[in-house]
**Student:** 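I have a structure I would like to understand better, so I am pasting it below and will then ask my questions one at a time.
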Number of protein chains: 2
Amino acid sequence: MAGVHPGTASRAMNPDMEHLVNEATARRVRHAAEQLGYVPNSLARSLKTSRTQSLGALVPDIANPLFPPILRGIEDVAAEAGFNVLIANTDDDPERERRQVASLRARQVDGLILASARRADPVVLALVAAGVPVVLVNRVEPVLCVPGVAGDDTDGIRQAVAHLHALGHRRIAHLAGPAGTPTGAARLDAFRRETAALGLDAAGCPVALAASYRTEEGARCTAELLDSAPGFTALLAANDLLALGCFETLAARGLRCPEDLSVVGFNDMPFVDRLTPSLTTVRVPQYDCGAQAARLLLSRLSAPVPADETAESVLLPLSLVVRRSTGPVRAGEAVPAR
Amino acid sequence: MAGVHPGTASRAMNPDMEHLVNEATARRVRHAAEQLGYVPNSLARSLKTSRTQSLGALVPDIANPLFPPILRGIEDVAAEAGFNVLIANTDDDPERERRQVASLRARQVDGLILASARRADPVVLALVAAGVPVVLVNRVEPVLCVPGVAGDDTDGIRQAVAHLHALGHRRIAHLAGPAGTPTGAARLDAFRRETAALGLDAAGCPVALAASYRTEEGARCTAELLDSAPGFTALLAANDLLALGCFETLAARGLRCPEDLSVVGFNDMPFVDRLTPSLTTVRVPQYDCGAQAARLLLSRLSAPVPADETAESVLLPLSLVVRRSTGPVRAGEAVPAR
DNA sequence: GTGAAAGCGCTAACAC
DNA sequence: GTGTTAGCGCTTTCAC
């Protein structure tokens, strides 16, 4: 319609090549495109250039409130660089994860951000072996030698334990996350180290292992702890959803929080500040995690890192947000220091 | 590697064409593919077939808890049919919406699901004019003549008003959603009709118009209502987030819910059952909305509907969930004028 | 049952 | 500054 060769039209429509074309011609082409409602076919473009300008993002479940802020962080950074993001849910199911990764690879994403990594995740290993640029977020596993962005779990747990200790608690239980997740394992490790470092009696600091990061699991494990190892005055949950489950069990048994039990969560999910009692929790900057992970991946795309270079992971600082679910231990319940 | 022509390999790898190829040959091809870690390039396939097996989904903001369940519904149905979903955020910004639609079209999505439609949305009209299969969800606008799936807002408001009326409330305020959104407009309309039908005095049923579906807006508008038209004993918010804002203002002014003011929300967002007081609200089956919308779109893709056929919209039944934020009006007691 | 060949819409060398 | 050409990886009609 502009009376030019397709090649010229292509140049006129591409901001990076526009300078190669006569200003008047370019205007004519753009005008024709506008008239025709022409939208360049990015599939064809990608087939030619073998870059799709799109990233894949894998999350366990988009409906889990932890992940939308991360995804939003990824999207915003990606959009700024002209990248789209394809989101897929794994439901923490390895088989589904495998299928989703295959689908994203078939769609030729330029790189992948995984919020769904499990410990020694074979899918991640395969991806790395295949040379696909990958960055982990939230769940970072150093053993995998994949760069990632996450909160500094160890320090977060340290702050939470220190807070409870300062309130006089000496018997602190831990509601640990699934052993298969890097976060669950790291937080449990940190919990054991920190309580030991403060000289707390290991027997007074029982641990329950949740099978998943779900409210019902939190409720079940809390009940289990109360039944099998009573006597603790505070409970540190590896995740806010688990803490919500704890609230449920306490309510069901007529126990009050924080009077009977102080509860600390992890993540600072949206709306946990509006619960009663409002949840004391370790704030993880999810949006920033996502944004940083996207930046890390984009930088690796534009400047590929040699295989022998060590994968650098970023640990974002966390801060404890003290609210109403934690309080001083009751005098009668304080365990005498030995 | 299998020693066959690419065309044969293609047939062997495609479940629908597999019957055209010798079983032994097919096995050989699949084995070679496995060995090589071969993943078919769906870009090239799509370029040839001009179907991408992907849908676009536009939401105002993925971090708004209303939308993840809808997206999950879409994804699950799409996945079952072998479709991927590309998600994009509009932030309710028409310009951003335009760009996102262009990007999705450039990626040749086979159809679009919009949760972000505004009233008489020009982007939607342009899409329809261009013959792109479109389905609306949540925000459905009959005027646009686009099929959609949403809750039956009119009936939802009816139930909420009837509930408050049954509790003795005769002065009910409405915190209306943005006039630019179909949901805001429909709920306001229904509110006016229902209160009138019950013979309530219009002057005793003041309305505040929120500029956006955000907590802060809800807080601001509640304050405005309390200041300008005190005397109402119940407040019906067009959306749970607005209701949360209402809670904030009540707390700030030392007013109790439901003793001083009964509050009803809309949507039944995740976690509003855990607030104090737990929120009485109209439950919208978000997941089902998304799932139905996806089904509707997929059916239109496989059996295109002639242009002259009327767009059929689906209204899902809603139900009021009565919790603790509503209670009987106390005789002679009204919200104290400041 | 398999091979041959054309072409989806675009871009990037290369001419001129 | 613009036209020409080849080809990205795949599918599909048509031969045989």
Side-chain angles (χ1 to χ4, degrees), chain A residues 1-54 82-84 102-110 130-132 301, chain B residues 1-54 82-84 102-110 130-132 301:
Chain A
M1 172 165 163
V4 296
H5 188 273
T8 307
S10 169
R11 285 185 280 252
M13 297 295 293
N14 186 330
D16 296 345
M17 296 293 150
E18 208 182 327
H19 66 276
L20 294 174
V21 88
N22 188 313
E23 171 57 25
T25 317
R27 231 189 345 259
R28 208 143 34 87
V29 171
R30 281 193 304 262
H31 180 254
E34 177 88 12
Q35 289 288 309
L36 297 163
Y38 168 82
V39 180
N41 184 329
S42 49
L43 260 47
R45 161 194 269 254
S46 295
L47 187 59
K48 178 68 183 170
T49 60
S50 63
R51 289 170 305 112
T52 54
Q53 300 278 99
S54 65
F83 280 69
N84 278 60
S103 164
L104 292 174
R105 290 192 62 191
R107 289 199 145 69
Q108 310 296 115
V109 294
D110 295 334
V132 179
L301 291 181
Chain B
M1 173 166 163
V4 297
H5 188 273
T8 306
S10 169
R11 285 184 279 253
M13 298 294 293
N14 187 330
D16 295 344
M17 296 294 149
E18 207 182 327
H19 66 277
L20 294 174
V21 87
N22 189 312
E23 170 57 26
T25 317
R27 232 191 342 261
R28 208 144 35 85
V29 171
R30 282 194 303 263
H31 181 253
E34 177 87 13
Q35 289 288 309
L36 297 164
Y38 168 82
V39 180
N41 183 329
S42 47
L43 262 45
R45 159 195 270 254
S46 295
L47 186 59
K48 180 68 184 168
T49 61
S50 62
R51 287 171 305 112
T52 54
Q53 299 278 99
S54 65
F83 280 69
N84 278 60
S103 163
L104 290 174
R105 289 192 62 192
R107 288 197 145 71
Q108 311 295 115
V109 292
D110 295 333
V132 179
L301 291 181

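To find a chain, count down the sequence lines: A is the first, B the second, and so on, and within it residues start at 1.
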**Student:** At what distance, to the nearest 0.5 angstrom, does NE2 of A/H5 lie from OG1 of A/T25?
**Tutor:** 14.5 Å
**Student:** Where is the tightest heavy-atom contact between B/V21 and B/A26, given as atom of each residue plus distance?
**Tutor:** CG1-CB, 3.5 Å
**Student:** Who passes side chain to side chain contact (heavy atoms under 4.5 Å, CB included) against A/N41, sequence neighbours left out?
**Tutor:** A/L43, A/A44, B/L47, B/Q108
**Student:** Going by number, which of residues 33-47 of chain A have a non-hydrogen atom under 4.0 Å from DNA chain D?
**Tutor:** A/L47
**Student:** Taking any atom under 4.0 angstrom from a heavy atom of chain B, which nucleotides of DNA chain D are the first and last to qualify, 5' to 3'?
**Tutor:** D/dG9 to D/dT13
**Student:** For B/S54, what residues pass the side chain to side chain contact (heavy atoms under 4.5 Å, CB included) criterion, not counting sequence neighbours?
**Tutor:** A/R107, B/T52, B/N84, B/V109
**Student:** Would you name the heavy atoms of A/R28 and A/A2 that are closest together and state the gap between them?
**Tutor:** NH1-O, 2.5 Å
**Student:** Could you identify which residues of residues 2-27 of chain A place a heavy atom less than 4.0 Å from some atom of DNA chain D, listed by residue number, or say none?
**Tutor:** A/V4, A/H5, A/T8, A/R11, A/L20, A/V21, A/N22, A/T25
**Student:** Would you name the heavy atoms of B/D110 and B/Q53 that are closest together and state the gap between them?
**Tutor:** OD2-N, 2.7 Å
**Student:** Using rotation axes that map the C1' atoms of four end pairs onto the next four (five pairs an end), what angle separates the end axes of the helix from C/dG1-D/dC16 to C/dC16-D/dG1, to 10°?
**Tutor:** 40°
**Student:** Salt bridge (Lys or Arg N to Asp or Glu O under 4.0 Å): which pairs involve residues 34-51 of chain A, sequence neighbours left out?
**Tutor:** none
**Student:** Under 4.0 Å from any heavy atom of chain B: name the first and the last nucleotide of DNA chain C that qualifies, 5' to 3'.
**Tutor:** C/dG1 to C/dG9
**Student:** Who pairs with B/A102 by side chain to side chain contact (heavy atoms under 4.5 Å, CB included), at least two apart in sequence or on another chain?
**Tutor:** none
**Student:** Got a list of side-chain donor-acceptor pairs under 3.5 Å for residues 6-20 of chain A, not counting sequence neighbours?
**Tutor:**
| unit_1 | atom_1 | unit_2 | atom_2 | d |
| --- | --- | --- | --- | --- |
| A/N14 | OD1 | A/D16 | N | 2.9 |
| A/E18 | OE2 | A/R30 | NH1 | 2.6 |
| A/H19 | ND1 | A/D16 | O | 3.2 |

